[in-house]
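Letters A, B, ... mirror the listed sequences (proteins, then strands); counts begin at 1. Note: hydrogens, waters and symmetry copies are ignored here, and every other heavy atom, side chains too, is used. Note that the structure is predicted; figures quoted are calculated from it, not measured.
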Protein chains: 2
Amino acid sequence: MNSESNSLFDYFSQFQKLNPKAEEAISEICSDVHVPKNRDLQPIGHTCRTIYFVKKGLCRTYYYKDGLDITESFAFENSLIARVESLFTGIPSKKGIQTLENSEFIGISSPALFDLYDQFPEIERLFRKIFEAAYVDTVNRIESIQFHTAEERYKDLIRNSPDLLQRVPLKHIASYLGITQVSLSRIRAKY
Amino acid sequence: MNSESNSLFDYFSQFQKLNPKAEEAISEICSDVHVPKNRDLQPIGHTCRTIYFVKKGLCRTYYYKDGLDITESFAFENSLIARVESLFTGIPSKKGIQTLENSEFIGISSPALFDLYDQFPEIERLFRKIFEAAYVDTVNRIESIQFHTAEERYKDLIRNSPDLLQRVPLKHIASYLGITQVSLSRIRAKY
DNA sequence: AGTCTTTTTTAACATTTGTAAAAGGAATCT
DNA sequence: AGATTCCTTTTACAAATGTTAAAAAAGACT
């Protein structure tokens, strides 16, 4: 990992302060990854062994459902992305990670990270807090999916991520919202 | 906590072995709670400060959406229940926990538990793993909600929890599935 | 500029689910 | 047993979303 990647530790510091030795240990299991637009960062079918921090660019997790490409999530600059249903179980993931722009990531080896947990309780604590926060987001998303109309979810999405529309094809936004492109077009036509 | 409550530590042992001192420390922050059928174990509007283990009986988390009672989740014997969106944030929960049968719980004080994390890294690790598994379940549930029809979700639910139908009013099952009672009735009428 | 491909919108029709009201059943209480 | 309340189903109609196909718009490539 190169020296100007402090954005990662800035991100971590929201959750847990780390002493220099712990930061050093994490740095050693990180690597910089550059991926052009519309390429797979991680293909479907492999066990997730890397947690990515998005330094620049934008990506999505996706999978195929009845032959259709479904976007599960988007990840913007300064956020982490991983396929936790594989990361925490060791089961090969049915999901892939694909860039939507030319992007730069910091990849953190998860087996190496989990080994650091024994040596540095503060690192275990850091990632515990990170995933607890992600868990809370997921719980809240269920409520949003189940009890808001597609139109409400669309409005919420663009309110929370205004540049999504500029940066992501509508077809991915539609599948993320759980509706068809046609249905999204109808919603958009109202305004 | 009384002496025959080893079901809790049996449950924990799936995730993480604990040495006797750690078990002892957890025991000290637990208490037995008996609640009759159809009562609130935890009311809506309070910050979640207790994680419950269901020793006997059955309960649900619920909240009100536009005046309607919505069931977010069910918890059977030998499982944990908490309102994580409050537990991990300190924000008062919009959700309550209600019994559906006469039930017995072990309540674990979460502030006391979080204090134990400093003293016993193995306890922090135990709950890290517990909530990681719960997080994975939640991620998988999103896929189920978004890309299966209500009919598929109903069939999955009764396949995975066959006694749910015997133990829970259909109105709660309907709201859990994200549909109306009428719609659930229509689905059931097909068989 | 022109061609090719991909993305987005529009249209017509089918299906699913919601809403409101009523009726039928089941459980509870005295 | 009778009354009351709650739960579940049924019916009729409305609204939202899906499906399929075609047209329009935008982007990519020579």
task = Note down the inter-axis angle between the two ends of the helix from dA1(C)-dT30(D) to dT30(C)-dA1(D), five pairs each, to the nearest 10°.
result =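 Here the helix ends are tilted 50° relative to one another.
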inquiry  = For chain A and DNA chain D, what are the first and last nucleotides along the strand, 5' to 3', with at least one atom under 4.0 angstrom from a heavy atom of the protein chain?
reply    =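 With heavy atoms of chain A under 4.0 Å away, the range is dT17(D) to dT20(D).
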Is [X] salt-bridged to [Y], cutoff N-O under 4.0 Å?
X         : Y         : value
Lys94(B)  : Glu143(A) : yes
Glu132(B) : Arg128(B) : yes
Arg39(B)  : Glu101(B) : no
Glu77(A)  : Lys56(A)  : no

Figure out the [atom1]/[atom2] separation between [X] and [N], and round it to whole Å.
X         : N       : atom1 : atom2 : result
Arg153(B) : dT16(C) : CZ    : C1'   : 12 Å
Ile145(B) : dT17(C) : CD1   : C1'   : 16 Å
Glu151(B) : dT15(C) : CD    : P     : 14 Å
Glu152(A) : dG18(C) : CD    : C1'   : 14 Å

Apply ring pair (Phe, Tyr, Trp, His ring centres under 6.0 Å) to [X] and list each qualifying residue two or more places apart in sequence or on a separate chain.
X         : answer
Phe114(B) : Tyr117(B)
Phe88(B)  : Phe131(B)
Phe15(A)  : Tyr11(A)

ask   = Which residue pairs pass the salt bridge (Lys or Arg N to Asp or Glu O under 4.0 Å) test with at least one member in residues 149-158 of chain B, sequence neighbours excluded?
value =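 Matches after skipping sequence neighbours: Glu151(B)-Lys155(B), Glu151(B)-Lys190(B), Asp156(B)-Arg159(B).
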key: Residue pairs fulfilling salt bridge (Lys or Arg N to Asp or Glu O under 4.0 Å) with at least one residue in residues 9-18 of chain B, sequence neighbours excluded   =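 Non-adjacent pairs meeting salt bridge (Lys or Arg N to Asp or Glu O under 4.0 Å): zero.
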request  = Using a 4.0 Å cut-off on protein heavy atoms (strictly under), produce a 5'-to-3' string for nucleotides 23-30 of chain C with B for base contact, S for backbone-only sugar-phosphate contact, and - for none.
outcome  = --------
query = Taking only residues two or more places apart in sequence, or in another chain, which ones meet Asp69(A) in a side-chain hydrogen bond (donor to acceptor under 3.5 Å, both in side chains)?
reply =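 Per chain and number, Asp69(A) pairs via side-chain hydrogen bond (donor to acceptor under 3.5 Å, both in side chains) with Arg60(A).
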task = Run through the side-chain heavy atoms of Ile, Leu, Val, Met, Phe, Trp and Tyr, join any pair under 4.5 Å, and report what else lands in Ile145(B)'s cluster.
result =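 Grouped by the 4.5 Å side-chain rule, Ile142(A), Ile145(A), Ile142(B) form the rest of the cluster around Ile145(B).
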Acceptor/donor pairs from residues 43-53 of chain B side chains to any protein atom, 3.5 angstrom cut, sequence neighbours excluded:
residue, atom, partner, partner atom, Å
Thr47(B), OG1, Gly90(B), O, 3.3
Tyr52(B), OH, Gln42(B), NE2, 2.9

key: Residue pair Arg141(B), Glu85(A): steps toward the salt bridge (Lys or Arg N to Asp or Glu O under 4.0 Å) verdict   = CA-CA 11 Å; Arg141(B) 189 170 167 203; Glu85(A) 89 294 349; over 6 Å; no
DNA chain D-proximal residues of residues 155-187 of chain B, any heavy atom under 4.0 Å =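 Pro169(B), Leu170(B), Lys171(B), Gln181(B), Val182(B), Ser185(B), Arg186(B), in order of number.
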